[in-house]
There are 2 protein chains.
Amino acid sequence: MTLESTTPTNARAAAIEARPLYQQTRDLLLKRIIDGVWKPGGYLPSEQQLCGELGVSIGTIRKATEDLVIHGLLERQHGRGTRVVPHSSAKSRFRFLRFVHGDGRPLDPVAHLLTQTVRAASAEERRQLDLDANGKVLALTRIRSEKDQPLVYERLALPAQTFAALGLETGEDIVEEVYVFYQERCGVTIMRTVDEVGLAMADALMAQHLGIAIGAPVLEVRRVAYALDGRRVEYRESFTAHLKYKTALE
Amino acid sequence: MTLESTTPTNARAAAIEARPLYQQTRDLLLKRIIDGVWKPGGYLPSEQQLCGELGVSIGTIRKATEDLVIHGLLERQHGRGTRVVPHSSAKSRFRFLRFVHGDGRPLDPVAHLLTQTVRAASAEERRQLDLDANGKVLALTRIRSEKDQPLVYERLALPAQTFAALGLETGEDIVEEVYVFYQERCGVTIMRTVDEVGLAMADALMAQHLGIAIGAPVLEVRRVAYALDGRRVEYRESFTAHLKYKTALE
DNA sequence: GAGTGGTCTAGACCACCTG
DNA sequence: AGGTGGTCTAGACCACTCT
């Protein structure tokens, strides 16, 4: 039975649809997560219930949810149920953190918000965030540190419209990832990020906050973050003098 | 039916085994790939045939092979069959290449082998490759370039024992990834790499080959590559002055 | 004990490729 | 036309968690 139209009633009919049934099912579950039908941390109905409600077999339900589990959106708990992964969970906290110490030790930083303004987007920000010429961004700068030692200077640009409700306090220390706030205060769930790591030279602000000389070489990470629905919702430039960027492939 | 012992004959009996049947099946297929029963580029028996031979249902076969497809070892071709991915295929060629041009354009480099020696492993190489105090490595240095423009200077260290049969020609230009040679000449298939990106300063050799000043800042990528069986089989240090390192998360 | 996800089976039909 | 992988079904039983 297809999940988009109304008539077909069996597998043969479903095959007439262009997209496989399990993909339709996956997208329907995804839509409910996006729409907040099931909140982060909340449990879905059991697989059996979903079978009945959606009119598909349990194998199809499992294949659909597996996709979302792989993408870090759902979490299966044997014997308990399947729930929407909250961004605040430890699993989620380190999901997108790629910085490590120079010797390879993992990092567990605190963020300190420096500035926060709403302004017209720069050309680069418009390009990265796919905004039009009148696009506005919520621009944040912050320092991420560990044990009062400043390690990363960051500039973030968020589409102002999407993040009108963010409301962070300048000067506040933030333990969680900002992705937690995006999710809790603005309903934006980050699904995927694309990073480019390169070289840069410290400008006056970086130098001041990182305690290095102006013009000193720094590692620059440019990140674009994508929401569940594929929209680009964050452009971030991170600068660090001593940390490394670590990642595993396949 | 279990794949390791001999007696059980149905699903109930298989459940007595500690590990799920599909994992045992996956590992058995993996072992055959490692042992060269099916060569890179060669086709496996059809799913139906595997069912019969291994005494498991088609669903179990599919779950097992799916695992290997995700890890980039097998490739399904609708209507043709399932084959072992050759490292020389385009898909495989760019699988572990993370460098891009400064403006984000993809890279398609040629490698030029500079030096090749067998020597005692350094402390760092022993640590990264898990070698003992007497460990020897095959050490290679090379330049990767595009249109005669040198872009990356690389030092590679390979456990000498494993790569006795490698036999590359110093001064030769190599279009393929060296991973192709590892696989074709030494039977070593790379499954996974872990990269750490940091800052460094150009030494005399890098400066000479990259056409930059001694002491100029460069991007340094340290990579450890893992073979199918989990052994660490390559430690690589790459240095570049102008390229970026690009990667997508989840 | 009741309910959940995890594994496994034994089929069916479809979509695709090759001869 | 025949064989391959891709999708889907309708069950069964197991392992785990909670009450």
Side-chain angles (χ1 to χ4, degrees), chain A residues 1-4 8-29 38 41-70 73-85, chain B residues 1-4 8-29 38 41-70 73-85:
Chain A
M1 168 166 181
T2 166
L3 298 167
E4 284 160 1
T9 56
N10 57 30
R12 189 178 289 149
I16 295 170
E17 285 293 312
R19 293 151 40 74
L21 191 49
Y22 75 90
Q23 283 183 22
Q24 297 176 45
T25 306
R26 186 237 298 145
D27 291 351
L28 185 138
L29 296 179
W38 306 307
Y43 286 83
L44 272 59
S46 76
E47 294 176 346
Q48 286 295 349
Q49 284 177 284
L50 285 173
C51 284
E53 185 193 338
L54 305 182
V56 301
S57 82
I58 193 160
T60 302
I61 291 287
R62 287 190 62 81
K63 192 156 184 180
T65 52
E66 211 153 286
D67 243 25
L68 299 171
V69 169
I70 288 170
L73 276 118
L74 292 181
E75 192 174 38
R76 287 215 177 93
Q77 295 174 330
H78 196 169
R80 291 192 66 181
T82 301
R83 67 168 186 167
V84 180
V85 172
Chain B
M1 171 164 177
T2 165
L3 299 168
E4 283 160 1
T9 55
N10 57 31
R12 191 179 286 150
I16 295 170
E17 286 295 311
R19 295 151 36 77
L21 191 48
Y22 75 92
Q23 283 182 23
Q24 298 177 44
T25 306
R26 186 237 298 145
D27 291 351
L28 186 137
L29 297 179
W38 306 306
Y43 285 83
L44 272 60
S46 75
E47 295 176 345
Q48 287 295 349
Q49 283 176 285
L50 285 172
C51 283
E53 185 194 339
L54 305 181
V56 302
S57 82
I58 193 161
T60 302
I61 291 288
R62 286 190 62 81
K63 192 156 184 179
T65 52
E66 211 154 286
D67 243 25
L68 298 170
V69 168
I70 288 170
L73 275 116
L74 293 181
E75 192 175 38
R76 287 215 177 93
Q77 295 173 329
H78 195 170
R80 290 192 66 181
T82 302
R83 68 170 186 166
V84 180
V85 172

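The chains referred to below are lettered A, B, ... by the order of the sequence lines, with proteins before strands, and numbering in each begins at 1.
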Nearest whole Å is fine: how far is [N] [atom2] from [X] [atom1]?
X: B/E47; N: D/dG2; atom1: CD; atom2: P; answer: 21 Å
X: A/Q24; N: D/dG6; atom1: CD; atom2: P; answer: 19 Å
X: A/E66; N: D/dT7; atom1: CD; atom2: P; answer: 13 Å
X: A/I61; N: D/dG11; atom1: CD1; atom2: C1'; answer: 16 Å
X: A/R26; N: D/dC8; atom1: CZ; atom2: P; answer: 12 Å
X: A/I58; N: D/dT7; atom1: CD1; atom2: P; answer: 19 Å
X: B/Q23; N: C/dG6; atom1: CD; atom2: P; answer: 13 Å
X: B/L74; N: D/dT4; atom1: CG; atom2: P; answer: 16 Å

Should [X] be listed as having a side-chain N or O under 4.0 Å from OP1 or OP2 of [N]?
X: A/K63; N: D/dT7; value: yes
X: B/S46; N: D/dT4; value: yes
X: A/R76; N: C/dG6; value: yes
X: A/S57; N: D/dA10; value: no
X: A/R80; N: C/dG3; value: no
X: A/R62; N: C/dG5; value: no

*Touch check for A/Q48, heavy atoms < 4.0 angstrom, all strands: base, sugar-phosphate only, or nothing?*
nothing
*Check each of A/L21, A/T60, A/D67, A/I61 against A/R26 using the side-chain contact (heavy atoms from CB on, under 4.5 Å) test, and report the only one that passes.*
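Exactly one candidate clears the test, A/D67.
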*Any side-chain donor near an acceptor of the partner, A/Q77 and A/Y43, under 3.5 Å*: yes
_Test: B/E47 and B/R76 ion pair at under 4.0 Å_ =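 Yes, this pair counts.
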_Shortest non-hydrogen contact from B/L29 toward B/W38_ = CD2-CH2, 3.7 Å
When you get a sec, tell me which of [options] is the closest nucleotide to the side chain of [X]?
X: B/H78; options: D/dT9, C/dT7, D/dG5; result: D/dG5
X: B/P20; options: C/dT7, D/dT17, D/dT9; result: C/dT7
X: B/T60; options: D/dC18, D/dG5, C/dT9; result: C/dT9

*Look up atom CZ in B/R83 and atom CD in B/E75, then write down how far apart they are to the nearest 0.5 Å.*
4.5 Å
*For A/Q77 and A/G59, take the nucleotide of DNA chain D holding the closest heavy atom to each; which residue's nucleotide lies nearer the 5' end?*
A/G59
